**Student:** 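The structure that follows is given in the form of structure tokens.
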Amino acid sequence: MVVEKKKKRGKSEAADPQPRGGGSRDHLLCDTMWRRRVGALLLRPRSPLPPPSSTLRRHLPDHQGSDGGNSRKPFIAFVLGGPGSGKGTQCARIASDYGFAHLSAGDLLRNEISSGTEKGELILDIIKQGKIVPSEITVELIRKAMESTDAKRVLIDGFPRCEENRIAFERITGTEPDLVVFFDCPEDEMVKRLLGRNQGRVDDNIETIKKRLKVFESLNIPVIDYYSSRGKVHKINATGTEQEIFGAVRKLFSSLRF
Ligand SMILES: Nc1ncnc2c1ncn2[C@@H]1O[C@H](COP(=O)(O)OP(=O)(O)OP(=O)(O)O)[C@@H](O)[C@H]1O
Ligand SMILES: O=c1ccn([C@@H]2O[C@H](COP(=O)(O)O)[C@@H](O)[C@H]2O)c(=O)[nH]1
Ligand SMILES: [Mg+2]
């Protein structure tokens, strides 16, 4: 299924259009500028990213299990959607009803900020600007979180944010998602939800929200299109009450063979 583009997600980006191929792309930077800016931090001597470790390999090869059940990879679902589309809300319900581990990339990054390290300061700076944290950092956090869970089903919430994230994840973990759930929500609804969230997030202000929406359209939608072309995307209408949306989610997850 190829995902329908912009028109379905409301009109606010039309007021300040940023064509994917042109215009100023500063606010859209996935990685390049930050990599340069924090080159010293990222390139500091450290052990190179390991190949999938034996723990992860135990989970990662063939989902069906290719060596008598010892090598089963977890069922991996990426959960994508614009900021405020309800990913976290719905993931919590899926985790509780369907036995998934819920790994939120945003939460992993925010935990890193709480650690008070130099890396944490960098992440905070990027999140405040609504930009995307370098893949090396995010994929490593996700990889570690996947390694430390025994769950056979994993939701990865809010990742990958851009094609470069996706490619890094697939390279480093040696695996792909089994399913991509896309919560499709109009921009005006997402803005309303974010402004009402009241969780003290540094990026829930109108200025940063506008940037996050642009980054979503320009960098995240191509990831959804990529997985659509591989038949992995299930789009869910993310308007209505939490319960109504979960009705659609339940239909999907109840039909899956894990
Ligand atoms: N269907 C809904 N109707 C109204 N409000 C909702 C609905 N679903 C979630 N919310 C509220 O909207 C806000 C954003 O939801 P949530 O945190 O789940 O979104 P998200 O996609 O994870 O956002 P982000 O990308 O910023 O992490 C929260 O305050 C949540 O309680
Ligand atoms: O893979 C990711 C996930 C998140 N970020 C940054 O964090 C914020 C907040 O993420 P939420 O999913 O909305 O909690 C996001 O705007 C990015 O700045 C990221 O860089 N990479
Ligand atoms: Mg969230």
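This is a predicted model, so every value here is computed, not measured. Just so you know, ligand 1 is whichever comes first in the structure, and atom 1 is the first atom listed for that ligand.
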**Student:** Can you tell me the protein heavy atom closest to atom 4 (C) of ligand 1 and the distance?
**Tutor:** Arg193 NE, 3.7 Å

**Student:** Please indicate whether any nitrogen or oxygen in Arg110 is less than 3.5 Å from any nitrogen or oxygen in ligand 1.
**Tutor:** no

**Student:** Considering Lys87, Lys128, Lys211, Arg161 one by one, which has a heavy atom nearer to atom 16 (O) of ligand 2 than any of the others?
**Tutor:** Arg161

**Student:** Treating Ser114 as the side-chain partner and Arg110 as the backbone partner, does any N or O pair qualify as donor plus acceptor under 3.5 Å?
**Tutor:** yes

**Student:** Below 3.5 angstrom, do we get any N/O pair linking Arg161 and ligand 1?
**Tutor:** no

**Student:** Would you check if the side chain of Ser148 reaches a backbone N or O of Ala145 as a donor-acceptor pair within less than 3.5 Å?
**Tutor:** yes

**Student:** Out of Leu80, Thr89, Thr241, whose heavy atom is nearest to atom 15 (O) of ligand 1?
**Tutor:** Thr89

**Student:** Can you tell me which residue and heavy atom of the protein come closest to atom 28 (C) of ligand 1, and the distance to 0.1 Å?
**Tutor:** Arg197 CD, 3.8 Å

**Student:** Report yes if Ser104 has an N/O atom closer than 3.5 Å to an N/O atom of ligand 2; otherwise report no.
**Tutor:** no

**Student:** Purely on distance, is any nitrogen or oxygen of Asp107 under 3.5 Å from one on ligand 2?
**Tutor:** no

**Student:** Quick one: does any side-chain atom of Lys87 pair with a main-chain N or O of Gly82 as donor and acceptor, under 3.5 Å?
**Tutor:** yes

**Student:** For atom 5 (N) of ligand 2, what is the closest protein heavy atom, and at what distance to 0.1 Å?
**Tutor:** Leu109 CD1, 3.4 Å

**Student:** Give yes if a backbone or side-chain nitrogen or oxygen of Arg110 is under 3.5 Å from a nitrogen or oxygen of ligand 2, and no if not.
**Tutor:** yes

**Student:** Might you work through the side chain to side chain contact (heavy atoms under 4.5 Å, CB included) test for Thr241 and Phe246, ending with a clear yes or no?
**Tutor:** CA-CA 8 Å; Thr241 65; Phe246 193 60; over 6 Å; no

**Student:** Is ligand 1 under 4.0 Å from a heavy atom in the side chain of Asp204, in the backbone, in both, or in neither?
**Tutor:** neither

**Student:** Counting only nitrogen or oxygen atoms and a 3.5 angstrom limit, does Ala238 reach ligand 1?
**Tutor:** no

**Student:** Would you say ligand 1 has an N or O under 3.5 Å from any N or O of Gly240?
**Tutor:** yes

**Student:** Do you know the tightest heavy-atom contact between Phe253 and Phe258?
**Tutor:** O-CZ, 4.0 Å

**Student:** Please check this pair: side chain of Ser229 against backbone of Tyr226, looking for a donor-acceptor N/O pair closer than 3.5 Å.
**Tutor:** yes

**Student:** Counting only heavy atoms closer than 4.0 Å, does ligand 1 sit against the backbone of Glu244, its side chain, both, or neither?
**Tutor:** neither

**Student:** Purely on distance, is any nitrogen or oxygen of Arg201 under 3.5 Å from one on ligand 2?
**Tutor:** yes

**Student:** Look only at the side chain of Lys232 and the backbone of Pro177, and say whether a donor-acceptor pair between them is shorter than 3.5 Å.
**Tutor:** yes

**Student:** Which residue and atom name correspond to the protein heavy atom nearest atom 18 (O) of ligand 2, and how close is it?
**Tutor:** Lys131 O, 2.5 Å

**Student:** Is Asp157 in polar range of ligand 1, meaning some N or O pair under 3.5 Å apart?
**Tutor:** no

**Student:** Can a non-hydrogen atom of Ser85 be found less than 4.0 Å from any atom of ligand 1?
**Tutor:** yes

**Student:** Taking Gln90 for the side chain and Ala238 for the main chain, is one N or O donor matched with an acceptor at less than 3.5 Å?
**Tutor:** no

**Student:** Arg153 side chain to Pro74 main-chain N or O, any donor-acceptor pair under 3.5 Å?
**Tutor:** no

**Student:** Against heavy atoms of Ile245, which atoms of ligand 1 measure under 4.0 Å?
**Tutor:** 1 (N)

**Student:** List ligand 1 atoms under 4.0 Å from Pro83, heavy atoms only on the residue side.
**Tutor:** 25 (O)

**Student:** Just going by heavy-atom distances, which of Gly158, Gly82, Pro134 is nearest to atom 3 (C) of ligand 2?
**Tutor:** Gly158

**Student:** Would you say Glu170's side chain and Ile167's backbone share a donor-acceptor pair under 3.5 angstrom?
**Tutor:** no

**Student:** Does any donor atom in the side chain of Gln243 or Arg93 lie under 3.5 Å from an acceptor atom in the other side chain?
**Tutor:** yes

**Student:** Go through ligand 2 atom by atom and flag the ones less than 4.0 Å from a non-hydrogen atom of Ile132.
**Tutor:** 20 (O)

**Student:** Please determine if Lys87 has a nitrogen or oxygen closer than 3.5 Å to a nitrogen or oxygen of ligand 1.
**Tutor:** yes

**Student:** Answer yes or no: does an N/O atom from Gly84 fall short of 3.5 Å to an N/O atom of ligand 1?
**Tutor:** yes

**Student:** With rounding to the nearest 0.5 angstrom, report the CG to CG distance, Leu213 to Asp188.
**Tutor:** 10.5 Å

**Student:** Would one find an N or O of Gly88, backbone or side chain, under 3.5 Å from an N or O of ligand 1?
**Tutor:** yes

**Student:** Taking the side chain from Asp178 and the backbone from Ile76, do they hold a donor-acceptor pair closer than 3.5 Å?
**Tutor:** yes

**Student:** Measure Gln90 to ligand 1 on non-hydrogen atoms and call it side chain, backbone, both or neither using the 4.0 Å cut-off.
**Tutor:** neither

**Student:** Is any N or O atom of Val133, backbone or side chain, closer than 3.5 Å to an N or O atom of ligand 2?
**Tutor:** yes

**Student:** Within a distance under 4.0 Å of any heavy atom of Leu194, pick out the atoms of ligand 1 and give their elements.
**Tutor:** 26 (O)

**Student:** Distance alone, cut at 3.5 Å: any donor-acceptor contact between the side chains of Glu164 and Ser135?
**Tutor:** yes

**Student:** What are the atoms of ligand 2, with element, lying closer than 4.0 Å to any heavy atom of Ile127?
**Tutor:** 6 (C), 7 (O), 8 (C), 18 (O)

**Student:** Where is the tightest heavy-atom contact between Asp203 and Ile209, given as atom of each residue plus distance?
**Tutor:** O-CG1, 3.7 Å

**Student:** Students should be able to answer this: which protein heavy-atom is nearest to atom 27 (O) of ligand 1, and at what distance?
**Tutor:** Arg201 NH1, 3.2 Å

**Student:** Got the closest protein heavy atom to atom 1 (O) of ligand 2, with its distance?
**Tutor:** Phe159 CD1, 3.2 Å

**Student:** Distance only, no hydrogens: is a donor on one side chain within 3.5 Å (strictly under) of an acceptor on the other, for Asn205 and Thr208?
**Tutor:** yes

**Student:** So, the side chain of Asn220 versus the backbone of Pro160: is there a donor-acceptor pair under 3.5 Å, distance only?
**Tutor:** yes

**Student:** Only heavy atoms count here, so choose which of Lys192, Gln243, Glu242 is nearest to atom 31 (O) of ligand 1.
**Tutor:** Glu242

**Student:** Tell me, which protein residue and heavy-atom name are nearest atom 19 (O) of ligand 1, and how many Å apart are they?
**Tutor:** Gly86 N, 3.3 Å

